[in-house]
Amino acid sequence: MSLFTMEEIEAAFAAMVAGKVRNRTKSIALESIGTYLNAQNTSVMPVGTDGITTMHVLKTPEKKAQFFKEIFRLVNECIEGPTIPKITFKKYKIKNKVIDETKTRTVIIPCLRDQVVIRCILNKLNTIGIVDEENKPNPDVVELTTKIRNLILSGGPKKIIRTDIANYYPSINTEKLIQLLEASHGHLIDPRIMNLIRKVLIDNKSKDGYSGLPLGIGFCVLLANYYIAQMKLAEHFRGIDLVRYEDDIMFIVDEKVDEKEILARLDAIYDEFGIKRSEKKTEIFDAMSAFKYIGVNYENGKVFIGDEKFTKWKVSVAKDIKKQFRDFSILKTYDSNVSVPSNKELVNKIWKAHKKGERSKVYQHSIRIQKINEVEIAE
């Protein structure tokens, strides 16, 4: 039985390309003359050390077929018995991404072939469901914000104990992670999948360039959430309101609760998993005070999107307007008969797109957050 069918491999590749294209800002100028972004003619995926891009793969039907056929062969033919696929993951491209003045993150870029295999693994793990609803990556921000506001406003005076994990991804013990995965879901996960995960995380040629779970591997966000889920924090803190977004932990408790006892208990759990709490990012404050959590501002039990985010959004709209004018100017040089909207029409169209259309993610999110305040809290 094939580990990944040809259809699964092709679907994984198509989903990757579609996702990258979706995240690109389309050109109103090109759309106005019926020209759309063509994924087959654009290198939309990060390029690994082998330099192969989507353009190379999709150049001819023969190249595309050969690309998928080679992946199919490498993941479905095994060595040393029936459980170890032949594929050896190529050396990753490693980049250090600057987050701020004091922090950088190591990001890896697998080659295109390996990105497809990793996406296939992720699809299998998602189908199996290795984490429950409470521990899935990227939870709904509006839903989570509503939960936090409700907890703050219900009952008597509250305080918040907030912390996260120091250097989380690089600190994860990948050997322990794989052991936990085999123990909890080994009966559901094909041994070939487990061996592929081991090849990606541990037995690769780039392992000396980073530690722990590498950022840039498609299924690592899922595995990072799985690792925390195995700590079973809710069981260790029964009767205590706990909220988590990735490794950012928040306890919303009665103001008389001993925060030192809670943090000591959390430290003991973390120690079992080889990770440390960030002292620098640990803080205790009144629940009604002003603070920010996953991009949402809280103050006196109200939630809102801060002015700084709106300022950033307006700057992005202004940049988009300049880009669209530039695109129309380029089109005019190629075809003087191209119909160009007036400046006012184009500006209005772009603003509308950022408020109600496909560019409106930030604006619509702010409206959804604001509406949370309208819901009354039951005493």
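Remember, it's a predicted structure, so these values are computed and weren't measured experimentally. Only heavy atoms go into these numbers, but all of them, side chains included; no hydrogens, no water, no symmetry mates.
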Lys/Arg N to Asp/Glu carboxylate O, D254 vs K256, below 4.0 Å: no
Aromatic ring pairing H187/H185, orientation class (parallel under 30°, perpendicular over 60°, tilted between): parallel
D320 backbone acceptor or donor facing R359 side chain under 3.5 Å: no
Salt bridge R198-E175, side-chain N to carboxylate O under 4.0 Å: yes
Electrostatic pair K64-E10, nearest N-O below 4.0 angstrom: no
Expected output: side-chain D114 to main-chain K90 donor-acceptor under 3.5 Å: yes
For F273, all residues meeting ring pair (Phe, Tyr, Trp, His ring centres under 6.0 Å), sequence neighbours excluded: Y227
Ion pair check, E70 and R73, cut-off under 4.0 Å: yes
Exam field: side chain Y168 to backbone A224, donor-acceptor pair closer than 3.5 Å: yes
Heavy-atom donor-acceptor pair, N204 side chain to S206 backbone, under 3.5 Å: yes
Side chain to side chain donor-acceptor pair (under 3.5 Å) against N96, all qualifying residues, sequence neighbours excluded: T106
Side-chain (S342) to main-chain (E345) donor-acceptor, under 3.5 angstrom: yes
Derivation and outcome, side-chain contact (heavy atoms from CB on, under 4.5 Å), residues E246 and N138: CA-CA 8 Å; E246 306 297 343; N138 305 314; 3.7 Å; yes
Check: N195 side chain, P191 main-chain N or O, donor-acceptor pair, under 3.5 Å: yes
E308 and K312: CA distance, side-chain angles, deciding distance, salt bridge (Lys or Arg N to Asp or Glu O under 4.0 Å) verdict: CA-CA 6 Å; E308 73 284 353; K312 187 177 179 180; over 6 Å; no
Any donor-acceptor N/O pair, Q364 side chain to K355 backbone, under 3.5 Å: yes
N126 and N123: side chain donor to acceptor below 3.5 Å: no
Parallel, tilted or perpendicular: ring planes of H354 versus W313, cut at 30 and 60 degrees: perpendicular
All N/O donor-acceptor pairs, side-chain side in residues 176-184, below 3.5 Å, sequence neighbours left out:
unit_1: S184; atom_1: OG; unit_2: L180; atom_2: O; d: 3.1
unit_1: S184; atom_1: OG; unit_2: Y226; atom_2: OH; d: 2.6

With D248, the salt bridge (Lys or Arg N to Asp or Glu O under 4.0 Å) member among R277, R162, K281, K292: R162
